[in-house]
Q: 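Starting off with a structure, shown below.
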Amino acid sequence: MSTLTPGDELAALYPVLAGLPDAARRRLGDHARRISVPAGTALFDERQACQGFPFVLAGSIRVIKAAPSGRELPLYRVAPGETCIISSACLLGHAAYNARGVTETDTTLLLLPDTDFQSLLAEPAFRDFVFQLFSERIADLMQLIEEVAFRKLDQRLAALLLGKGQRLHTTHQQLADELGSVREIVSRLLKGFAEQGLVALSREQIEIRDAAGLRRVAAG
């Protein structure tokens, strides 16, 4: 078990917090609540009230937007050293969540209560940190919107397959979840890729046979 204090753990992963005054750092370390949950845990869901500002110490959180039909669109991931802008927006606007957050692996985080989050916003270093995160995530989300709105699904699938090694150990459903699509469509596209000699398909495995061909598909 780690012998680091909460403040030490935060400083190691979020060095920007070193710019906080001593009293503010102590408050953050003393008031943040440590939470450890297994993979597959729903940390928050749509229409739930936000319980605090998360600092991820270990693991990963997948933030998704779900449709009534059950389809899901991945928005972004939160890894150690990062935090969740939807949580920030909910706290700033005193609003409920409008997305869902699920742990991808066993995850440990420190949750800063709303009152302490609001108090720390008075500190320039913390305020700059929060708004820098907004800037980075919004840029990512704009790229996602461009991908979904203007890029065909076969291009997006080809791009997703590239850069993961010659053999991918994954399911068609997992790929569909990554793309915000449905398994049947992804399976049909993969079958087409296989017929073109771009990939070879087996149970929960995809072998890349023609990476250059996939790059051509991804480029449109």
Side-chain angles (χ1 to χ4, degrees), residues 6 9-11 13-20 24-25 27-37 39-105 107-150 177-180:
E9 289 180 289
L10 284 176
L13 290 168
Y14 299 86
V16 68
L17 300 180
L20 292 174
R25 286 202 305 273
R27 176 171 184 167
L28 196 158
D30 291 344
H31 292 192
R33 179 164 57 98
R34 188 183 186 93
I35 300 173
S36 295
V37 294
T41 300
L43 289 176
F44 58 84
D45 209 340
E46 297 193 44
R47 294 182 292 279
Q48 287 183 348
C50 184
Q51 299 300 311
F53 186 80
F55 295 93
V56 178
L57 302 180
S60 176
I61 302 168
R62 185 167 177 255
V63 181
I64 57 179
K65 181 68 176 178
S69 64
R71 289 180 59 182
E72 296 178 345
L73 177 64
L75 299 179
Y76 56 86
R77 286 178 170 81
V78 186
E82 302 173 344
T83 191
C84 176
I85 64 163
I86 286 181
S87 296
S88 307
C90 292
L91 293 171
L92 290 169
H94 306 287
Y97 282 110
N98 56 6
R100 178 185 304 161
V102 181
T103 56
E104 292 189 300
T105 61
T107 297
T108 300
L109 56 89
L110 291 176
L111 192 66
L112 184 66
D114 183 12
T115 53
D116 296 288
F117 172 78
Q118 302 295 345
S119 176
L120 284 175
L121 282 176
E123 301 293 342
F126 186 75
R127 187 170 60 247
D128 290 348
F129 167 66
V130 170
F131 287 108
Q132 178 64 29
L133 289 170
F134 266 99
S135 175
E136 294 171 358
R137 288 297 190 195
I138 287 173
D140 292 341
L141 290 174
M142 290 300 294
Q143 182 177 358
L144 174 62
I145 291 169
E146 182 177 340
E147 288 276 323
V148 173
F150 304 119
D177 290 342
E178 287 283 328
L179 295 166

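Predicted, not measured: the structure shown is a model, and the values here were computed from it.
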Q: For residues L75 and A99, report the shortest heavy-atom separation together with the two atoms involved.
A: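 Scanning both residues completely, I find the closest heavy atoms to be CD1-CB, 4.2 Å.
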Q: To the nearest 0.5 Å, how far apart are CZ in R27 and CG in L120?
A: 6.5 Å
Q: Does any non-hydrogen side-chain atom of Q132 lie less than 4.5 Å from one of V16?
A: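 In short, these two side chains do not touch, never coming nearer than 4.5 Å.
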Q: In Å, rounded to the nearest 0.5 Å, how long is the span from CD of E104 to CD1 of I61?
A: 9.5 Å
Q: Which heavy atom in C90 sits nearest to a heavy atom in C50, and how many Å separate them?
A: CB-CB, 3.8 Å
Q: Calculate, to the nearest 0.5 Å, the distance between atoms CG and CG belonging to L121 and D128 respectively.
A: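 L121 CG to D128 CG: 10.5 Å, rounded to 0.5 Å.
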Q: Do you know the tightest heavy-atom contact between T108 and S36?
A: OG1-OG, 3.2 Å
Q: I'd like to know if E82 pairs up with R137 as an ion pair, taking the criterion as any Lys NZ or Arg NE/NH1/NH2 lying under 4.0 Å from an Asp or Glu carboxylate oxygen.
A: yes
Q: Which pair of non-hydrogen atoms, one from P74 and one from I64, has the smallest distance, and what is that distance?
A: CA-CG2, 3.8 Å
Q: Is there a side-chain contact between R127 and V130 (heavy atoms, below 4.5 Å)?
A: no
Q: Closest heavy-atom contact between E46 and A66?
A: OE2-O, 3.5 Å
Q: How many angstroms lie between atom NZ of K65 and atom CD1 of I86, to the nearest 0.5 angstrom?
A: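 Going from the NZ atom of K65 to the CD1 atom of I86 covers 8.0 Å.
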Q: Check whether any side-chain heavy atom of V78 lies under 4.5 Å from a side-chain heavy atom of L109, and answer yes or no.
A: no
Q: What pair of heavy atoms forms the shortest contact from Y76 to I85, and how long is it?
A: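 Heavy-atom minimum between the residues: OH-N, 3.4 Å.
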Q: With a 4.5 Å cut-off on side-chain heavy atoms, are R25 and E123 touching?
A: no
Q: With F117 as reference, evaluate F129, F53, F55 under the ring-ring contact (aromatic ring centres under 6.0 Å, His included) test and give the passing residue.
A: F53
Q: Decide yes or no for P54 and L111: does some side-chain heavy atom of the first lie under 4.5 Å from some side-chain heavy atom of the second?
A: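 When only atoms from C-beta onward are counted, L111 and P54 do touch, with a gap below 4.5 Å.
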Q: Are any of the side-chain heavy atoms of L10 and L57 separated by less than 4.5 Å?
A: yes
Q: Can you measure from OG1 (T103) to CZ (R62) and round to the nearest 0.5 angstrom?
A: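 If I round to the nearest 0.5 Å, the distance is 11.5 Å.
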Q: Is the closest side-chain heavy-atom distance between F131 and S88 below 4.5 Å?
A: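 No. Closest side-chain heavy atoms not under 4.5 Å.
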Q: Side chain of Y14, backbone of V56: donor and acceptor closer than 3.5 Å?
A: yes
Q: May I ask you to decide if the ring planes of Y97 and F44 are parallel, tilted or perpendicular, using 30° and 60° as cut-offs?
A: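 Ring orientation, 0 to 90° scale: parallel.
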Q: Quick check for you: to the nearest 0.5 Å, what is the distance between Q48 atom CD and R100 atom CZ?
A: 9.5 Å
